[in-house]
Protein chains: 2
Amino acid sequence: MAIEMTENSAALIDLDHLRRSCGSCALHELCLPAGINGSDLDQLDATVHDKRALDRGKALFRQGESFHALYVVRSGSLKSFVESPGGDLQVLGFHLPGEIVGVDGLTKDHHLCSAEALERTSICELPYLQLQQVTSEVPALQRQLMRVISREMVAEQSHMVMMGKQQAQERLAIFLHSLSDRYGRLSRDPTVLTLSMSRYDIANYLGLVVETVSRLFSRMEAAGVLKVNRKAVRVLRPDLLAEMCGTHVAASFRNAIG
Amino acid sequence: MAIEMTENSAALIDLDHLRRSCGSCALHELCLPAGINGSDLDQLDATVHDKRALDRGKALFRQGESFHALYVVRSGSLKSFVESPGGDLQVLGFHLPGEIVGVDGLTKDHHLCSAEALERTSICELPYLQLQQVTSEVPALQRQLMRVISREMVAEQSHMVMMGKQQAQERLAIFLHSLSDRYGRLSRDPTVLTLSMSRYDIANYLGLVVETVSRLFSRMEAAGVLKVNRKAVRVLRPDLLAEMCGTHVAASFRNAIG
DNA sequence: ACCGGCGATTGACCGAGATCAACTCGACGC
DNA sequence: GCGTCGAGTTGATCTCGGTCAATCGCCGGT
């Protein structure tokens with residue numbers, strides 16, 4: 001996968017590469033409209049502080065830690081989740097390259113959920129104080145940051161709708177469809193999915209148990225919609241998959257947020 | 001109820017009253033730290049443009065309408081919801097006095113959900129352009145606005161957790177407990193709840209059906225936790241109610257965002 | 001005051017998905 | 001190569017909450 005090569009080149013990143021990288025980023029709207037392009041990318045490179053690399057299972061931040069930055073996934077993937085004192089946990093979302101995490105920390109100066117790498121993952125760190133500085137200098141950027149945050153919020157609403165109304169099969173279909181969509185936006189083949197998260201994580205995220213998810217994968221494979229081989233899932237019939245998302249609120253709502 | 005009297009005095013509102021009103025408001029953190037107090041309240045009164053009054057069932061804004069302001073409930077209550085083309089709808093939340101609505105509109109210049117009055121309700125309107133003006137002049141306010149938005153987001157996460165993991169009875173318990181909490185913050189008796197929303201709305205919000213909600217009210221009344229009389233619910237045993245919220249993630253998470 | 005209608009409650013039954021349990025498969029270490 | 005371990009799959013059974021249906025009771029209109 002082409003995206004993988006960004007991982008170990010973090011230190012010796014060239015501007016052209018950075019530019020391509022930021023083009024598919026949730027925050028590129030935050031940079032490009034402000035005229036940050038070409039030679040200004042040095043400056044952007046300076047603002048985006050720490051391009052960390054995380055191994056599988058390593059935490060980007062943990063619930064309760066103090067908040068000081070927003071993060072954007074550069075390559076790899078993350079899951080975010082909350083855990084109760086009893087060790088019980090709830091997966092809140094999965095985050096692909098270009099997506100933002102850490103917004104939960106804006107409320108109280110400390111994070112209310114944890115974020116963890118699902119595979120080797122590299123990250124852009126946007127120190128909040130500096131970001132605030134930049135956005136206050138360019139009011140349009142403030143608005144754009146709002147958009148990004150609000151989009152996260154709406155995505156959550158959409159997930160909530162799904163949890164409330166959708167059948168198990170519709171949930172998995174919506175999950176896969178969403179993943180496929182996001183692959184498309186990253187210019188990756190939207191029919192070849194690599195599920196970096198475990199079946200347990202998927203089940204937890206969808207409000208189901210692992211057995212149900214497993215059965216659904218089998219059923220959807222039997223129906224000719226998917227070809228499933230452990231973490232490798234090929235979408236054979238995108239049309240059927242879309243159909244399986246149902247005509248209910250969650251599906252149309254999810255489409256609306258583009 | 002004392003809170004009711006704010007409704008018809010919107011036009012001839014006095015500063016002292018405004019001040020008391022804003023004290024329990026989600027945005028009071030947004031006003032007070034900026035030194036807006038005492039005589040400056042005239043100015044605040046000018047920024048908070050339109051103090052509309054809505055009758056039961058009337059929309060504050062509708063899905064698809066263009067976005068131009070955030071709103072804060074002054075008295076009464078709202079529900080927010082999305083509706084699919086098929087007429088199917090999903091309730092996203094209920095909003096009591098002091099709570100903010102309309103944040104969903106920041107993403108795309110138009111609202112992605114609708115908000116509707118559950119009873120006669122008065123509203124503070126904060127035109128976004130003006131608000132943006134004020135926050136750009138005072139950077140600390142920008143941060144505070146972020147906090148408020150982020151808090152909304154975290155509340156949504158908490159609801160999501162509930163939808164994913166909680167049993168039906170725990171869901172209703174959490175809903176009532178949350179309502180009770182918010183009553184407390186408004187200096188209303190947290191044991192005397194007035195459910196302005198229908199059983200259908202509650203069920204929809206909790207991802208249940210109306211019959212289940214009805215049975216749960218009966219069961220909780222039989223258990224001596226509640227006294228239920230249509231829309232009037234008295235919490236007889238707050239301790240038991242809290243216990244029924246379960247020791248799972250949603251409950252502890254919800255406490256954390258308090 | 002009476003009636004009509006809708007919201008709410010209660011009961012009987014059913015089914016989707018959870019639970020419990022057995023088994024398979026691939027990865028990794030020695 | 002072999003054994004172990006954990007993730008994933010598959011099957012059998014159970015249960016919670018959804019569905020269908022009947023009834024109640026409050027509220028608003030005439």
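Chain identifiers are assigned alphabetically (A, B, ...) following the order of the sequence lines, protein sequences preceding nucleic acid strands; residue numbering begins at 1 within each chain. No hydrogens, no waters, no symmetry mates; every other heavy atom, side chains included, goes into these values.
Residue-level contact check: B/Q167 touches the backbone only, with heavy atoms under 4.0 Å from sugar-phosphate atoms and none from bases.
Looking at the side chain of B/E211, the nearest of the listed nucleotides C/dA8, C/dA21, C/dT10 is C/dT10.
Note: A/Y71 and A/F61 have parallel aromatic rings, judged against thresholds of 30 and 60 degrees for the angle between ring planes.
The backbone N or O of B/L195 lies less than 3.5 Å from no partner atom in the side chain of B/R230, so there is not a single donor-acceptor pair. At distances below 3.5 Å, not a single donor-acceptor pair connects side-chain atoms of A/S122 with backbone N or O atoms of A/A53.
Close approach of DNA chain D to chain A, defined as any atom under 4.0 Å from a non-hydrogen atom of the protein, starts and stops at D/dG8 to D/dA12.
Phosphate proximity of C/dG17 to A/T212: absent, as no side-chain N or O sits under 4.0 Å from OP1 or OP2.
When the C1' atom of C/dG17 is taken as reference, atom CD of A/Q166 falls 16 Å away, rounded to whole Å. To the nearest angstrom, C1' of C/dA8 lies 16 Å from CG of B/L208.
The stretch residues 213-234 of chain A comes close to DNA chain D through A/S214, A/R215, A/S218, A/K231, each having a heavy atom under 4.0 Å from the strand.
Taking 4.5 Å as the limit, every side-chain heavy atom of B/L176 sits out of range of all side-chain heavy atoms of B/V225.
For the helix from C/dA1-D/dT30 to C/dC30-D/dG1, the terminal axes (five pairs an end, C1' atoms, rotation from four pairs onto the next four) enclose an angle of 40°, given to 10 degrees.
Heavy atoms of other residues, nucleotides or ligands lying less than 6.0 angstrom from CZ of A/R62 number more than 12.
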